[in-house]
Visitor: 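Have a look at this one before I ask anything.
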There are 2 protein chains.
Amino acid sequence: MGETLEQAFQKLCREKNLAVTHQRLVIYRELMKMHDHPNPEQVYERVRPELPSISLATVYKTLHAFVAAGLICQVSPHHGSMRIEPQGEPHSHFICLRCHDITDIATGDPDVAALKAGVPAGYQVEQVSTELRGICGRCAAESFSAGHA
Amino acid sequence: MGETLEQAFQKLCREKNLAVTHQRLVIYRELMKMHDHPNPEQVYERVRPELPSISLATVYKTLHAFVAAGLICQVSPHHGSMRIEPQGEPHSHFICLRCHDITDIATGDPDVAALKAGVPAGYQVEQVSTELRGICGRCAAESFSAGHA
DNA sequence: GAATATAGACGAATAATTATTATTTAGCAA
DNA sequence: TTGCTAAATAATAATTATTCGTCTATATTC
Ligand SMILES: [Mn+2]
Ligand SMILES: [Mn+2]
Ligand SMILES: [Zn+2]
Ligand SMILES: [Zn+2]
């Protein structure tokens with residue numbers, strides 16, 4: 001029992017076919033200590049004291065590797081660029097993690113009252129929406145045919 | 001009756017203190033025709049046939065003005081940079097539209113079954129989460145004190 | 001421990017967005 | 001209408017976020 005973080009990390013890497021490197025271990029350890037939603041630059045700053053020669057590009061690559069392996073996830077799956085919603089009617093969205101396409105989903109209204117109850121005092125809620133993420137029909141079809149090529 | 005789109009747009013602009021310009025009208029008209037979730041570049045391409053000399057920067061500024069005025073909204077509250085979720089437990093997020101801070105919100109599980117029912121066939125749902133957007137406590141406090149300075 | 005595959009450092013390249021500035025235009029009042 | 005002024009636009013430079021290419025270093029496999 002009492003598995004150390006390092007042992008847990010090594011096990012995860014074996015499962016996901018990721019080489020266990022010192023940089024990856026340090027990044028993973030720092031991530032597990034964080035309870036907010038850092039960007040790559042902030043992760044970089046956190047690991048630099050222990051890895052003075054690490055490159056920001058390595059942090060990016062490592063984060064992507066961790067996301068692909070399911071060790072962490074990404075709160076902002078949009079493609080880096082601003083996306084407009086021209087239509088006013090409230091609805092939910094399906095976001096494709098591969099092609100970043102956004103599909104409208106007709107849903108019943110979420111229980112806004114219950115959600116707002118969990119929001120800290122002083123916060124002003126303006127919009128509430130449900131987001132589904134995964135692989136869209138087109139991308140799923142492509143994977144399928146690629147897998148059978 | 002039969003208010004034209006142009007008349008509706010002019011009325012909206014009056015209400016929001018936006019000057020009615022030809023560029024803004026054309027952008028608004030194209031947006032209202034769109035049922036997807038375009039990025040600024042795509043809006044630019046759509047209006048160029050009618051406004052051959054428009055600048056991409058103008059499209060950006062106009063979209064921001066429309067968002068600020070509430071004519072349209074933004075699906076990706078422009079986190080600008082990748083944001084990591086190191087913690088695995090499912091929870092919801094409050095996203096501040098001003099400072100882009102992301103706050104965890106403890107909520108009951110959404111009705112995943114009902115949501116999945118609205119997803120087109122062939123789509124693979126991997127994650128479901130609720131997103132609340134608005135102004136966080138800190139930013140709200142700042143606005144308040146600014147308003148009373 | 002040596003061979004091979006993968007990862008890292010670093011700088012340069014690309015994409016998205018914003019800032020600057022000179023010019024044009026909308027809104028308003030005479 | 002005309003002219004004034006503040007705001008908006010076009011063109012382009014600058015910034016910011018992210019990715020890529022190349023060479024070196026390290027991890028894994030045998
Ligand atoms: Mn939509
Ligand atoms: Mn979170
Ligand atoms: Zn897709
Ligand atoms: Zn805020």
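Just so you know, these numbers use all the heavy atoms, side chains as well, and skip hydrogens, waters and symmetry mates. Order of the sequence lines sets the chain letters (A, B, ...), proteins ahead of strands, with each chain counted from 1.
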Visitor: Pick one: which of A/His100, A/Glu85, A/Gln87 meets side chain to side chain donor-acceptor pair (under 3.5 Å) with B/His37?
Guide: A/Glu85
Visitor: Does C/dT25 have its OP1 or OP2 closer than 4.0 Å to a side-chain nitrogen or oxygen of B/Gln23?
Guide: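 Checking C/dT25 against B/Gln23, no side-chain N or O comes under 4.0 Å of OP1 or OP2.
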Visitor: How long is the straight-line distance from SG of B/Cys139 back to OH of A/Tyr123, given to the nearest 0.5 Å?
Guide: 9.0 Å
Visitor: Can you tell me how far P of C/dC28 sits from CZ of B/Arg14, to the nearest Å?
Guide: 8 Å
Visitor: Step through the shown structure and confirm whether more than 12 heavy atoms of other residues, nucleotides or ligands are within 6.0 Å of NE2 on A/His79.
Guide: no
Visitor: On DNA chain C, does the nearest nucleotide to A/His79 precede the nearest nucleotide to A/Thr21 from the 5' side, or the other way round? Give the residue.
Guide: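 Counting from the 5' end, the first nearest nucleotide belongs to A/Thr21.
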Visitor: Would you kindly give the NE2-to-P distance between A/His100 and C/dA15, to the nearest whole Å?
Guide: 14 Å
Visitor: Should B/Arg46 and B/Glu30 count as an ion pair when the cut-off is N to O under 4.0 Å?
Guide: yes
Visitor: Please report, rounded to the nearest Å, how far the C1' atom of C/dA26 is from the NE2 atom of B/His22.
Guide: 14 Å
Visitor: Are A/Lys16 and A/Leu71 packed together at the side-chain level, in the sense that at least one heavy-atom pair is separated by less than 4.5 angstrom?
Guide: yes
Visitor: Could you state the CG-C1' distance from A/Leu51 to C/dC10, rounded to the nearest angstrom?
Guide: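 To the nearest whole Å, that distance equals 16 Å.
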Visitor: Could you give the CD1-to-C1' distance, from A/Ile27 to C/dA7, as a whole number of Å?
Guide: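 The distance from CD1 of A/Ile27 to C1' of C/dA7 comes to 11 Å, rounded to the nearest Å.
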Visitor: Check the orientation of B/His91 and B/His93. Use parallel for under 30°, tilted for 30 to 60°, and perpendicular for over 60°.
Guide: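 B/His91 vs B/His93 ring planes: perpendicular.
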Visitor: Give the rounded distance in Å between these two atoms: CD of A/Gln74 and C1' of D/dT18.
Guide: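 Result: 12 Å.
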Visitor: Report, as a single string ordered 5' to 3', how protein heavy atoms within less than 4.0 Å touch nucleotides 18-24 of chain C: B base, S sugar-phosphate only, - not at all.
Guide: BB-----
Visitor: With a 4.0 Å cut-off, would you call B/Arg98 and B/Glu142 a salt bridge?
Guide: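 No.
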Visitor: Look at B/Thr58 and D/dA10 and indicate whether a side-chain polar atom (N or O) is within less than 4.0 Å of OP1 or OP2.
Guide: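 Indeed, a polar side-chain atom of B/Thr58 lies that close.
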Visitor: Roughly, in whole Å, what's the span from CG in A/Asn17 to P in C/dA5?
Guide: 15 Å
Visitor: Output the rounded distance in Å from OH (B/Tyr44) to P (C/dA16).
Guide: 14 Å
Visitor: Looking at A/Ser55, I'd like to know whether one of its side-chain N or O atoms comes within less than 4.0 Å of OP1 or OP2 on C/dG11.
Guide: no
Visitor: Here's a test of your reading of the structure: between A/Glu41 and A/Ala19, which maps to the more 5' nucleotide of DNA chain D?
Guide: A/Glu41
